[in-house]
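One structure below.
Computed from a predicted structure; not experimentally measured.
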Amino acid sequence: MLDRLRKRFGPRRGSAPRAHPETRQHNIFEAAAAYVSACADDDEPRMDEAAGWVSPEALSFGVNELACRAVIALARERGQSPRTVARTLLGLPAA
């Protein structure tokens, strides 16, 4: 409610401008992490929110980077190749 009033009436006289904008910018990795975790929870509103933080191209890049890092981490943990882990996660037969 106070934010609406501030926007409508503007800053008070003599008040210094804010050093930080009211809405914080999110980077592509924050957006990707929020988007993927929301997908895993099947939380459509959170998915939509995270998707709005960055451009679709940036979100795609972030999700791809997250997938690569996750597969590498799981492969190391399991002592398997990234290819085997990726195929297993997707339910594909061993190649």
Interatomic spacing from [atom1] in [X] to [atom2] in [Y] - rounded to 0.5 Å:
| X | Y | atom1 | atom2 | value |
| --- | --- | --- | --- | --- |
| Ile72 | Glu77 | CD1 | CD | 13.5 Å |
| Leu59 | His26 | CG | NE2 | 12.5 Å |
| Asn27 | Trp53 | CG | CH2 | 10.0 Å |
| Leu92 | Thr84 | CG | OG1 | 11.5 Å |
| Glu57 | Ile28 | CD | CD1 | 11.5 Å |
| Ser60 | Glu65 | OG | CD | 11.5 Å |

Inset, instruction - Give a yes or no on this: more than 12 heavy atoms of other residues, nucleotides or ligands lie within 6.0 Å of atom CG of Asp42. - result: no

Inset, instruction - Might you confirm whether atom CZ of Arg76 has over 12 heavy atoms from other residues, nucleotides or ligands at distances under 6.0 Å? - result: no

Inset, instruction - Using the rule that two of Ile, Leu, Val, Met, Phe, Trp, Tyr join whenever any of their side-chain heavy atoms come within less than 4.5 Å, decide whether Val71 and Tyr35 are in one cluster. - result: no

Might you point out which heavy atoms bring [X] and [Y] nearest each other, and give the distance in Å?
| X | Y | answer |
| --- | --- | --- |
| Ala34 | Ala50 | CB-CB, 3.8 Å |
| Val54 | Ala31 | CG2-CB, 3.7 Å |
| Glu30 | Gln25 | OE1-O, 4.3 Å |

Legend entry - Heavy-atom check, side chain of Thr88 versus side chain of Leu74, under 4.5 Å: no

